[in-house]
Amino acid sequence: MPFQRLSKQCCKTQISIIILEELVDFGISRYHANYCNRYQNTDLVLYQKYTYEDVCRLLNWERNEVPLNIGGYKFDKKTKTFPIFINYDKQNDISDTTKYEDHFVGDNHLIAISKSGRTIASEDVQNFLHAKERGIDVQLFVRKNKDDKISKEFYYLGRVNATGQVKEFVMPNTDKTAVEIEWVLDTPVREDIYEYIVNG
């Protein structure tokens, strides 16, 4: 009887080891399939999806920022990284001061709006416009909309550079100014991702 119990225990241990090995193999294969081809000199992979928390961690920020504090974009002074987060399709019931008309005008060309209450002279706008000379790394993350309540993930679309074309305006139905900024993507958006974001 003790031998039978020992035999059963050994069998369970062997099964557990097999399951563990399969799990590790799955994790390694998923890493190679989705995450080993890093974009330029970053820890990010083009067209993979990331949460706000993922981005803070992978850009090596000292602390995680809650989405409300990011509010579309946030500059981290220590790492000199400046991620932009865009919800491409806006909800109808949001306030007029957050109805930003961000839009692609081609697979490597984007018009994006600053936060409300900004002018061309605002520090964040100036950091965007002079990112190269200031050594600031601007990265673009886009999701179709906020309908995905579970994942809250954005597609990573690589680095962007402001062209210098800007327009300050008053947001409709408000007294708040904002700045329209023209961007060029380092890497054109892959066709299927572009079609999904713009037309899907």
Side-chain angles (χ1 to χ4, degrees), residues 40 42 44 50-56 58-146 152-189 194 197-198:
Q40 295 178 1
T42 71
L44 300 157
Y50 299 96
T51 64
Y52 289 109
E53 294 80 7
D54 293 335
V55 173
C56 293
L58 292 170
L59 291 180
N60 299 310
W61 290 11
E62 283 189 337
R63 63 190 178 100
N64 182 33
E65 293 284 350
V66 296
L68 194 60
N69 288 345
I70 294 173
Y73 55 78
K74 186 165 179 66
F75 177 54
D76 183 70
K77 289 182 180 178
K78 185 166 185 180
T79 61
K80 287 195 158 187
T81 53
F82 208 162
I84 301 171
F85 298 90
I86 291 176
N87 291 303
Y88 200 79
D89 290 342
K90 308 296 188 287
Q91 296 166 311
N92 293 325
D93 59 350
I94 61 175
S95 70
D96 288 323
T97 56
T98 57
K99 286 184 180 173
Y100 306 115
E101 298 297 325
D102 308 306
H103 61 282
F104 280 102
V105 289
D107 62 2
N108 72 333
H109 197 178
L110 174 74
I111 304 294
I113 312 301
S114 72
K115 294 178 182 180
S116 67
R118 302 303 197 269
T119 67
I120 291 172
S122 296
E123 185 180 1
D124 54 353
V125 175
Q126 286 296 305
N127 276 339
F128 282 142
L129 296 177
H130 301 286
K132 275 190 178 177
E133 52 262 49
R134 295 180 180 182
I136 296 170
D137 191 13
V138 186
Q139 310 267 3
L140 179 63
F141 300 84
V142 178
R143 66 179 167 188
K144 179 73 175 169
N145 52 48
K146 287 184 169 181
K152 303 184 184 299
E153 293 173 322
F154 295 78
Y155 284 103
Y156 173 55
L157 301 183
R159 288 189 166 98
V160 290
N161 298 288
T163 66
Q165 296 295 314
V166 294
K167 183 174 76 176
E168 189 177 311
F169 66 99
V170 177
M171 298 186 76
N173 305 314
T174 77
D175 59 357
K176 297 281 189 182
T177 58
V179 181
E180 182 181 279
I181 304 171
E182 182 182 74
W183 296 94
V184 172
L185 283 70
D186 274 11
T187 306
V189 183
Y194 181 80
I197 291 170
V198 175

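Any value given below was found using the heavy atoms of this structure, including those in side chains, with hydrogens, waters and symmetry copies removed.
Residue pairs meeting the ring-ring contact (aromatic ring centres under 6.0 Å, His included) criterion with at least one partner in residues 167-189, sequence neighbours excluded, are F128-W183. Listed by first then second residue, pairs satisfying salt bridge (Lys or Arg N to Asp or Glu O under 4.0 Å) with a partner in residues 122-131 read R118-D124, not counting sequence neighbours.
A side-chain donor-acceptor contact under 3.5 Å links T51 to the backbone of D54. Of the possible donor and acceptor atoms, one in the side chain of H103 sits under 3.5 Å from a partner among the backbone N and O of E101. Side-chain N or O atoms of Q126 include one that pairs as donor or acceptor with a backbone N or O of I120 at under 3.5 Å.
Between I111 and I181 there is no side-chain heavy-atom pair separated by less than 4.5 Å. Looking at H109 and E182, their side chains come closer than 4.5 Å, going by heavy atoms from C-beta outward. Counting only heavy atoms from C-beta outward, the side chains of T42 and L58 never approach each other to under 4.5 Å. Counting heavy atoms from C-beta outward, L185 and L157 have side chains that approach closer than 4.5 Å. When side chains are defined from C-beta on, K74 counts as touching E65, because their heavy atoms get closer than 4.5 Å. V160 places none of its side-chain heavy atoms less than 4.5 Å from the side chain of L110. Looking at heavy atoms from C-beta onward, I86 lies out of side-chain contact with F104 at the 4.5 angstrom threshold.
For the atom pair N161 CG and L129 CG, the distance stands at 11.5 Å (nearest 0.5 Å). In this structure, CG on D76 lies 8.0 Å from SG on C56, to the nearest 0.5 angstrom. One finds the CD1 atom of I136 at 3.5 Å from the CG atom of N127 (value rounded to the nearest 0.5 Å). The structure places OG1 of T187 at 10.5 Å from CG of D107, a figure rounded to the nearest 0.5 Å. Here CG of D89 is found 11.5 Å from CZ of R143. Values are rounded to the nearest 0.5 Å. Atoms OG1 and NZ, from T119 and K176 in turn, are 12.5 Å apart once rounded to the nearest 0.5 Å.
Under the side chain to side chain donor-acceptor pair (under 3.5 Å) criterion, N108 pairs with no residue at all, not counting sequence neighbours. Partners of Y52 according to the side chain to side chain donor-acceptor pair (under 3.5 Å) rule, which considers only residues two or more places apart in sequence or in another chain, do not exist here. Residues satisfying the salt bridge (Lys or Arg N to Asp or Glu O under 4.0 Å) test with K78, not counting sequence neighbours, are E62. The side chain to side chain donor-acceptor pair (under 3.5 Å) check on T177 picks up nothing, with sequence neighbours excluded.
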Problem set entry | Worked verdict on F141 versus Y50 for side chain to side chain contact (heavy atoms under 4.5 Å, CB included) | CA-CA 8 Å; F141 300 84; Y50 299 96; 4.2 Å; yes
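The two atoms that bring T79 and L59 nearest to each other are CG2-O, 3.6 Å, heavy atoms only. Contact record, A178 with S116: CB-CA, 4.5 Å, taken as the closest heavy-atom pair. Here the closest non-hydrogen pair linking Y156 and R159 is OH-N, 4.2 Å.
Residues K80 and D137 are not paired through a salt bridge, judged by the lack of any N-O separation under 4.0 Å between the basic side chain and the carboxylate.
Between F75 and F82, the two ring planes are tilted [angle within 30° to 60°].
F154 pairs in a ring pair (Phe, Tyr, Trp, His ring centres under 6.0 Å) with only one of the listed residues (Y73, F85, Y88), which is F85.
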